[in-house]
**Q** 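Pasting in a structure now, in structure tokens, and then I'll have a few things to ask.
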Amino acid sequence: MLPYAIKEGISGFRRSSFSAVASTSAMTVALVLVGLIAIMMWQANEVSDWLKQRVGEVEIFLDDTSDDIANSLFLRAQASPGVIEAEYVSKEAAQEIFRNEFGDEATVFFEDAFLPASIKVRVEPAYINSDSLNLLVAEFSSWNRVDEVVFNRPLLVKVQGNLRLLSMIGGAVGLLVLLASIFLVANTIRLAIYARRLMIRTMKLVGATDSFVRQPFIVEGVIQGLIASLLALFIIWVIHVVVVAYVPQLGNPDFGSVLTFGLAMIGSGVLLGWVGSENAVRRFLRNVSLH
Amino acid sequence: MIELKNVSISYPLPDGSPRPVLEHVNVHIDRGELVYLVGPTGSGKSSLLRAMYMETLPQTGSVEIAGFHSDTMKLSDIPYLRRNLGVVFQDFQLLPDRNVFDNVAFAQYVTGNRGKLVTNKVLHVLSRVGLSHKRQRFPHELSGGEQQRVVIARAIVNDPWVMLADEPTGNLDPSVADEIQKLLIGLHRAGMTVLMATHDYRMVRNFPARTLAVLNRRIVEVDPKSLIS
């Protein structure tokens, strides 16, 4: 036999179907908004990392040197802390790139292979800031056979400034949405609890402890939160499918991310229902009059 | 059994100043007694009952009821006190979405009882109030008198020591009111302490018993036969 609180919590849906639907809908809306904000922030973070990696590329130009030495410098660069990947660009390859970029006009410069060999280094996102890159540049510059080490400092500073501004705006909007959602859910649940004040009064009148009164409402809140999170996941999935149809570059996230996101949404829904109903009943019990 | 010593109760007015309702009230009711509490509407009868089921805590003085003492008990003890009291109001306060059986069983679940014990107890009290044949009906399918019988069944299902009835017949026709009063007097005859607040002096004259009156914020004992409608 199911415990009384669970039985009462489940039957609460039937007894007060309108308020149950209202609470579940409010939680669904809140979770969809929060979920979409989370996805947008995650996507923005991915784009920001990608952008920073491109902007934060370090070029190590080598002196005229043998292939063996160039290769050992390449391996050393690749093994340096903070480096994700390194790419060796030989003199010939540099010339080929130049030719592709400038076309027929490039032949004017081809009496000698005047472009130096270089190592292109991409660093981890955490290293992409002026201070860390300056340290890397100083390290690479100290190596023998290295002529010059450069990165696009002005562009990096500008991109970082813009990304910081965008994250602040995104964070503020996200916070506002989150607060509005919590407010909406809290008020809807409070109204739903108020609609059942007679039941609470009667429970108190016949000697129910406050925790006994709260239990069925918490069970109901948890179930509503669970249903709301599943509905929200479905709605977000539909939105994702529609958006990807228009912006295929967004692609599909990997299974691990989907699983993490799904579990986080279900956890948030359950928590929202639990805390919302517990808080609403607790406040109501503090002020309830039996008659 | 019930002992109020020097109890004063006041409520705050909108301007924050206190409006005294009862002042330095002393009441003693023995176990198994039937007592009427009379007085005009707004005189403080309900406030006195509220102090007994600890909905209102007195500003001064102390209340002792069913072994619980307002001076020494904690707020968390109040539910356990109420399990030893049956409380009946003028408005029935039945749960409209539950049938008669469930409305009564509700009070049993609160105390932690489950299963057959609940079924047996509920059927027993429903037969005591003459409603076992209507246990599947919902409140809106019952008359006012029947609804009040369900409330009485709910109030006695936990075998309380004390019944506090606040204008239990206030919403009922005189003939139905008499039935409800007979039911409450039957409970008293079975050994329960019954305190009935009413402003219907006819009831007091019909079944005379010790009568307390709230007059000018004080409690005085009056002769039930002297009450004039």
Side-chain angles (χ1 to χ4, degrees), chain A residues 1-24 191-221 223-224 277-278 281-291, chain B residues 11 45-47 49-50 52-56 66 68 74-98 102-116 118 138-139 150-151 153-160 164 166-167 197:
Chain A
M1 202 172 98
L2 281 173
Y4 175 77
I6 296 179
K7 240 166 54 177
E8 273 294 313
I10 294 169
S11 67
F13 281 90
R14 185 172 44 82
R15 295 185 202 283
S16 320
S17 46
F18 180 77
S19 58
V21 168
S23 303
T24 309
L191 284 175
I193 301 288
Y194 184 74
R196 289 160 71 189
R197 59 194 177 282
L198 179 60
M199 180 184 162
I200 295 177
R201 276 183 190 157
T202 309
M203 286 172 106
K204 295 276 287 177
L205 185 69
V206 294
T209 58
D210 284 0
S211 69
F212 185 89
V213 175
R214 280 197 300 270
Q215 281 166 17
F217 290 98
I218 291 172
V219 169
E220 207 177 316
I223 295 171
Q224 286 172 357
S277 50
E278 162 125 26
V281 184
R282 201 180 279 274
R283 290 177 85 148
F284 186 80
L285 282 172
R286 219 178 290 150
N287 305 311
V288 68
S289 155
L290 299 188
H291 191 235
Chain B
Y11 296 114
K45 301 188 296 292
S46 296
S47 295
L49 294 184
R50 255 188 227 123
M52 288 180 184
Y53 57 82
M54 306 277 174
E55 166 82 346
T56 303
F68 290 82
K74 293 177 281 182
L75 283 178
S76 55
D77 292 332
I78 292 175
Y80 302 98
L81 158 71
R82 289 183 187 154
R83 292 177 195 181
N84 288 293
L85 306 176
V87 185
V88 175
F89 295 120
Q90 177 177 347
D91 53 338
F92 314 121
Q93 296 209 354
L94 289 171
L95 301 176
D97 53 3
R98 285 163 211 248
D102 287 339
N103 261 288
V104 179
F106 192 61
Q108 273 281 292
Y109 292 134
V110 161
T111 62
N113 287 341
R114 302 285 183 271
K116 266 205 161 161
V118 173
F138 283 83
V150 179
V151 174
R154 186 178 69 192
I156 62 173
V157 74
N158 289 338
D159 301 320
L164 302 175
D166 191 357
E167 306 276 6

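In the text below, chain A, chain B and the rest are named by the order of the sequence lines, each starting its count at 1.
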**Q** Please find the pair of heavy atoms, one from B/R82 and one from A/L205, that lie closest to each other, and give the distance.
**A** CB-O, 3.8 Å
**Q** Just how far is it from atom OH of B/Y109 to atom NZ of A/K7, taken to the nearest 0.5 Å?
**A** 5.5 Å
**Q** Against chain A, label B/I78 side chain, backbone, both or neither, depending on which of its atoms sit under 4.5 Å from a heavy atom there.
**A** neither
**Q** When rounded to the nearest 0.5 angstrom, what is the spacing between CG in B/L94 and OG1 in A/T202?
**A** 8.0 Å
**Q** More than 12 heavy atoms of other residues, nucleotides or ligands under 6.0 Å from CZ of A/R197: yes or no?
**A** yes
**Q** Taking side chain as everything from C-beta outward and backbone as N, CA, C, O, which of these in B/N158 sits under 4.5 Å from a heavy atom of chain A? Side chain, backbone, both or neither.
**A** side chain
**Q** Do other residues, nucleotides or ligands put more than 12 heavy atoms under 6.0 Å from A/F18 CZ?
**A** no
**Q** Which of these passes side chain to side chain contact (heavy atoms under 4.5 Å, CB included) with B/P79: A/T209, A/V206, A/D210, A/V213?
**A** A/T209
**Q** Could you give the distance from CZ (A/F212) to OG1 (B/T111), rounded to the nearest 0.5 Å?
**A** 8.0 Å
**Q** State, yes or no, whether a side-chain contact exists between A/K204 and B/E55 at a heavy-atom distance under 4.5 Å.
**A** no
**Q** With rounding to the nearest 0.5 Å, note down the distance linking CG in B/D97 to CZ in A/R196.
**A** 8.0 Å
